[in-house]
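In listed order, ligands and their atoms are each counted from 1. Only heavy atoms go into these numbers, but all of them, side chains included; no hydrogens, no water, no symmetry mates.
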Amino acid sequence: MEIKLIQGDITQIKAEGIVNAANTSLLGGGGVDGAIHKAGGKLILEECITIRNRQGGCNVGEAVITTAGNLPAKYVIHTVGPVWNGNKTEKEQLLASCYSNCLRVAEEYQLKTIVFPNISTGIYRFPKDRAAKIAIDTIKQFQTQSIQEITFVCFDEENYKLYQQLL
Ligand code: AR6
């Protein structure tokens, strides 16, 4: 399995699966979630609503999959990162679960390539250095059959530099 790092906008990336940093409602929001729904079109939201009607949204640390609509990717894997407050250890474990559950879903769908944004490090205020370490450690520990390439896409310079150092 190859690990890659780029700086840019996840909505532009052609991969089998891209990950969205969503919220528990799955109804869209700001940040990367807003960008994905805006560029991907209404099909993504329609499938999110179907999932919401079936299971009541998505819990923190879990992941669900939809079409990628008009995006160059095939699928969007929506995960919900923790908000950085309260019990720090618990939040760190939940962030690790986001990465491992996305990989589990990707594996289920036999995806070969998956792209992660820096989950929770925007609106949810998770410290970027801690989040980057958790992201990298978690994907390195994951045992995979189908996934050949995992890419971290950093939108901001600070995250990009942190990942560069850690990788
Ligand atoms: N491509 C890649 N990364 C991006 C993009 C983009 N187009 N836009 C922002 N980022 P955030 P969170 C980076 O706030 O902290 C939403 O309202 C950004 O620089 O998108 O998990 C949801 O609905 C940051 O590093 O997600 C939730 O309510 C990272 O993506 C809430 O925000 C995550 O920032 C989730 O907050």
>> Looking at E92 and R130, is any side-chain nitrogen of the basic one under 4.0 Å from a carboxylate oxygen of the acidic one?
In response: yes
> What protein heavy atom is closest to atom 14 (O) of ligand 1, reported as residue, atom name and distance in Å?
Replying inline: I123 N, 2.8 Å
> Does ligand 1 have an atom under 4.0 Å from some heavy atom of T11?
Replying inline: no
> If you measure every N/O of R125 against every N/O of ligand 1, is any gap under 3.5 Å?
Replying inline: no
>> Counting non-hydrogen protein atoms only, what is the nearest one to atom 26 (O) of ligand 1? Give residue, atom name and distance.
In response: A21 CB, 3.8 Å
>> Looking at ligand 1, is there an atom of it that comes within less than 4.0 Å of some heavy atom belonging to G81?
In response: no
> Would one find an N or O of A35, backbone or side chain, under 3.5 Å from an N or O of ligand 1?
Replying inline: no
> Hey, is K161 close enough to E157 for a salt bridge, meaning N to O under 4.0 Å?
Replying inline: yes
> If Ile, Leu, Val, Met, Phe, Trp and Tyr residues are connected whenever their side-chain heavy atoms lie under 4.5 Å apart, and connections chain through other members, are F126 and V60 in the same group?
Replying inline: no
> Is there a donor-acceptor contact under 3.5 Å from the side chain of S146 to the main chain of L111?
Replying inline: yes
>> For ligand 1 and I10, I'd like to know whether there is a polar contact (N/O to N/O, distance under 3.5 Å).
In response: yes
>> Same cluster or not: L162 versus F116, using hydrophobic residues (I, L, V, M, F, W, Y) connected whenever any side-chain heavy atoms lie under 4.5 Å apart?
In response: no
>> Tell me the contacting part of C154 for ligand 1: side chain, backbone, both, or neither, using a 4.0 Å heavy-atom threshold, strictly below.
In response: neither
> If you measure from each non-hydrogen atom of N159 to ligand 1, which part falls under 4.0 Å: side chain, backbone, both or neither?
Replying inline: side chain
> Which ligand 1 atoms does G29 reach within 4.0 Å, using its non-hydrogen atoms?
Replying inline: 17 (O), 23 (O)
> Which pair of heavy atoms, one from Y163 and one from A131, lies closest together, and at what distance?
Replying inline: OH-O, 4.3 Å
> Is it true that a side-chain atom of E107 and a backbone atom of Q145 form a donor plus acceptor pair closer than 3.5 Å?
Replying inline: yes
> Who's closest to atom 8 (N) of ligand 1 heavy-atom-wise, of T121, L95, V32, I18?
Replying inline: V32
> Less than 4.0 Å between a side-chain N and a carboxylate O, is that true for K133 and D129?
Replying inline: no
> Got the closest protein heavy atom to atom 17 (O) of ligand 1, with its distance?
Replying inline: G30 N, 2.7 Å
> Closest non-hydrogen protein atom to atom 36 (O) of ligand 1, residue and atom name please, with distance?
Replying inline: Y124 CG, 3.4 Å
> Using 30° and 60° as the class limits, which term best fits the ring planes of Y75 and Y109: parallel, tilted or perpendicular?
Replying inline: perpendicular
